[in-house]
Number of protein chains: 2
Amino acid sequence: MQDNQYIQHPRYHVAVDCVIFGYEEGVLKLLLYPRGFEPSLGNWSLLGGFVQEKESVEDASRRVLLNTTGLRDIYLQQVSTFSRPDRDPGARVISVVSYALVHIDKYDKELVRDHGAHWWPVDKMPQFIFDHKSMVQSALFKLQQDASVKLVGKELLPDLFTLNQLRSLYGAIFQKDFDPANFRKKILSLGVLEKTSIKNTTESRKGAFCYKFKEETEMRVSDRIVKFI
Amino acid sequence: MQDNQYIQHPRYHVAVDCVIFGYEEGVLKLLLYPRGFEPSLGNWSLLGGFVQEKESVEDASRRVLLNTTGLRDIYLQQVSTFSRPDRDPGARVISVVSYALVHIDKYDKELVRDHGAHWWPVDKMPQFIFDHKSMVQSALFKLQQDASVKLVGKELLPDLFTLNQLRSLYGAIFQKDFDPANFRKKILSLGVLEKTSIKNTTESRKGAFCYKFKEETEMRVSDRIVKFI
DNA sequence: CCAAAAGTGTTACGCCTACACCCATGG
DNA sequence: CCATGGGTGTAGGCGTAACACTTTTGG
């Protein structure tokens with residue numbers, strides 16, 4: 001492509017939309033924003049923004065996440081690009097969707113409240129604007145794919161967690177119950193967790209030992225954690 | 001986002017780049033175009049083009065494929081979006097990469113020759129322009145992912161093919177040899193192939209029966225074909 | 001004591017791997 | 001008749017699923 005060829009081609013707004021996953025009380029949740037004006041008033045929207053001159057799509061997503069949740073160093077994965085010419089009735093906008101995994105207890109509550117945002121369980125989601133519903137579906141699928149070859153959890157759970165909390169998280173991600181005994185053996189065999197001497201007694205009478213992720217180890221594992229995906 | 005908010009944001013050229021896979025003589029190949037001018041003269045480029053006013057990214061990719069290979073109804077999958085601000089030295093261009101699977105004997109030879117294009121084996125690729133090398137790597141990875149849960153072959157092989165041709169194709173995609181006996185059993189157990197009475201004697205003295213894909217069946221299989229990815 | 005979660009052990013089954021082995025045929 | 005690819009059969013191993021069973025402790 002020659003430089004002078006560029007000029008004759010149209011240019012578009014390029015947006016980023018973030019599917020922000022958090023995990024709380026055994027439920028996988030999504031941070032969404034209510035749309036305050038027509039069209040699509042009352043429906044809910046992903047957190048988004050426009051790509052600025054000197055940033056990449058990833059930069060833009062991180063900027064948007066920082067501005068609305070106050071969080072840095074977030075685990076972020078690109079999902080897919082949505083580009084139907086009529087997808088946004090306001091103007092031609094091409095949107096790159098990513099998902100983010102955040103610690104639901106660490107975000108800036110004030111900032112989020114000021115934006116009117118709300119955490120929605122993934123199995124009870126509201127009406128979305130535009131094509132945001134299929135964005136969420138794509139993001140969830142991508143998360144499942146990733147979680148089947150990489151142990152997610154560091155990004156969503158507290159630093160110390162029990163194996164049953166991790167199992168519940170995987171249950172929430174895959175919408176499926178995992179056998180406690182087998183899940184325990186499978187996960188421990190991966191060798192990426194470290195047992196601590198701390199017991200968590202909030203969820204059972206007996207109390208369960210807490211684990212943490214080993215430093216330095218890549219959580220991407222050689223064989224898949226979840227076989228069926 | 002309100003309509004009047006759009007105007008203050010920058011707009012960019014949005015391109016599509018296609019990683020076109022073909023399969024010939026046991027080798028997985030890529031259709032590439034030589035760059036005829038500086039910068040990056042002599043290096044090779046993916047087939048690309050700009051997204052026009054009334055088309056989606058997918059539309060644009062299909063248009064570009066049609067214009068340069070003469071092929072319609074191509075199997076096309078979006079891979080990822082590349083957006084580093086400096087990725088194209090000529091101008092700010094955000095590019096959405098897809099891969100295409102084509103029958104290497106059916107494309108329009110003249111059209112391709114006129115463009116100076118050339119099929120390159122994936123294991124002997126030339127120098128690329130810009131970030132096209134990592135585009136190809138991402139595309140190959142995505143193809144591997146897809147081929148492990150969906151039987152690709154309809155899109156790359158002739159209508160009638162032997163199981164060993166299919167095995168060679170999978171070997172080329174995953175850069176790994178599959179055991180003939182085990183591959184045969186695994187593939188046939190999927191139940192998506194139909195044996196014909198036609199024998200192909202070009203590749204062995206004994207001759208091998210040709211198979212074809214069953215009509216109507218979805219080639220996406222429940223358990224994965226290739227376990228290690 | 002009992003319910004309920006934590007944690008360990010056992011068994012059976014399915015699938016994959018790695019071969020051995022027969023078949024057909026052109027040179 | 002033999003080298004070569006086509007095609008079938010089989011034994012071993014590994015991982016998982018299913019589930020029994022034991023431990024701990026607050027109510």
Side-chain angles (χ1 to χ4, degrees), chain A residues 25-26 147-149 151 153 157-158 160-172 174-212 221-229, chain B residues 25-26 147-149 151 153 157-158 160-172 174-212 221-229:
Chain A
E25 293 161 11
S148 73
V149 293
L151 193 57
L157 293 171
L160 292 179
F161 53 90
T162 67
L163 287 176
N164 267 306
Q165 286 170 335
L166 182 61
R167 183 174 65 88
S168 297
L169 170 60
Y170 264 75
F174 290 97
Q175 302 289 321
K176 175 189 189 301
D177 275 341
F178 293 94
D179 180 282
N182 297 332
F183 186 83
R184 153 184 300 274
K185 278 174 286 194
K186 174 72 187 175
I187 295 300
L188 291 180
S189 77
L190 300 175
V192 298
L193 295 188
E194 192 176 325
K195 190 174 183 174
T196 70
S197 55
I198 299 149
K199 272 206 169 186
N200 176 332
T201 52
T202 62
E203 294 178 27
S204 73
R205 311 198 196 286
K206 183 178 174 183
F209 280 106
C210 288
Y211 288 76
K212 63 180 178 184
V221 293
S222 51
D223 54 41
R224 45 186 51 236
I225 302 169
V226 177
K227 221 192 53 177
F228 59 81
I229 188 116
Chain B
E25 294 162 8
S148 74
V149 293
L151 193 57
L157 293 171
L160 293 178
F161 54 89
T162 67
L163 287 175
N164 268 305
Q165 287 169 334
L166 183 61
R167 182 174 65 87
S168 297
L169 169 61
Y170 265 76
F174 290 97
Q175 302 290 318
K176 174 191 187 300
D177 274 342
F178 293 93
D179 181 283
N182 297 334
F183 186 83
R184 153 183 300 274
K185 278 175 287 194
K186 175 70 186 176
I187 296 301
L188 291 180
S189 77
L190 301 175
V192 297
L193 294 188
E194 193 176 325
K195 191 175 182 174
T196 69
S197 54
I198 298 149
K199 272 206 169 185
N200 175 334
T201 52
T202 63
E203 293 177 28
S204 74
R205 309 198 196 285
K206 183 178 175 182
F209 279 106
C210 287
Y211 287 76
K212 63 180 179 183
V221 292
S222 50
D223 55 39
R224 48 186 46 235
I225 301 169
V226 177
K227 219 191 55 179
F228 60 82
I229 189 108

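Heavy-atom basis, side chains included; hydrogens, waters and symmetry copies ignored. Each chain gets a letter, A, B and so on, in the order the sequences are listed, and its residues count up from 1.
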Next item on the list: Compute both the distance and the angle, then confirm whether B/K185 meets the cation-pi test with B/F183: under 6.0 Å from the six-membered ring centre, within 45 degrees of the axis.
Entry: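 The answer is no; the distance or angle limit is not met.
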Would a distance-only check, ignoring hydrogens and angles, find a side-chain to backbone donor-acceptor pair under 3.5 Å from [X] to [Y]?
X      : Y      : result
A/Q175 : A/A172 : yes
B/R167 : B/R184 : no
B/S148 : B/R224 : no

Next item on the list: Report yes or no: do B/N164 and B/T162 form a side-chain donor-acceptor pair below 3.5 Å?
Entry: no
Next item on the list: Could you check A/K227 against A/A208 and say which one's nearest nucleotide on DNA chain C is further toward the 5' end?
Entry: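 Its nearest nucleotide lies further toward 5', so the answer is A/A208.
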Next item on the list: Please tell me which of B/R224 and A/R184 maps to the more 5' nucleotide of DNA chain C, matching each residue to the nucleotide holding its nearest heavy atom.
Entry: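 Mapping each residue to its closest nucleotide by heavy atoms, the 5'-most match is A/R184.
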Next item on the list: For B/N164, answer base if it contacts any base atom (sugar-phosphate contacts may also be present), sugar-phosphate if it contacts only those atoms, and nothing otherwise; contact means non-hydrogen atoms under 4.0 Å.
Entry: sugar-phosphate
Next item on the list: Give the ring-plane orientation class for A/F174 versus A/Y170, where under 30° counts as parallel, over 60° as perpendicular and anything between as tilted.
Entry: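 Taking A/Y170 first and then A/F174, their aromatic rings lie parallel (interplane angle under 30°).
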Taking [atom1] from [X] and [atom2] from [N], how many angstroms apart are they, rounded to a whole number?
X      : N      : atom1 : atom2 : answer
A/I225 : D/dT16 : CD1   : P     : 11 Å
B/F209 : D/dG7  : CZ    : P     : 7 Å
A/D177 : D/dA17 : CG    : P     : 13 Å

Checklist line | Interface limits on DNA chain C, where chain B has a heavy atom under 4.0 Å of a nucleotide atom | finding: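 Both ends considered, the range comes out as C/dC16 to C/dG26.
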Note to self: Run the salt bridge (Lys or Arg N to Asp or Glu O under 4.0 Å) test against B/D223 and tell me which residues pass, sequence neighbours left out.
What the structure shows: B/K186
Margin query: To the nearest 0.5 Å, what is the distance between OG on A/S204 and NZ on A/K199?
Written below: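 Spacing of OG (A/S204) from NZ (A/K199) equals 7.5 Å.
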Notebook entry, point to check: What string of B, S and - do you get for nucleotides 18-27 of chain D, 5' to 3', when a contact is any protein heavy atom under 4.0 Å?
Noted result: BB---BBBB-
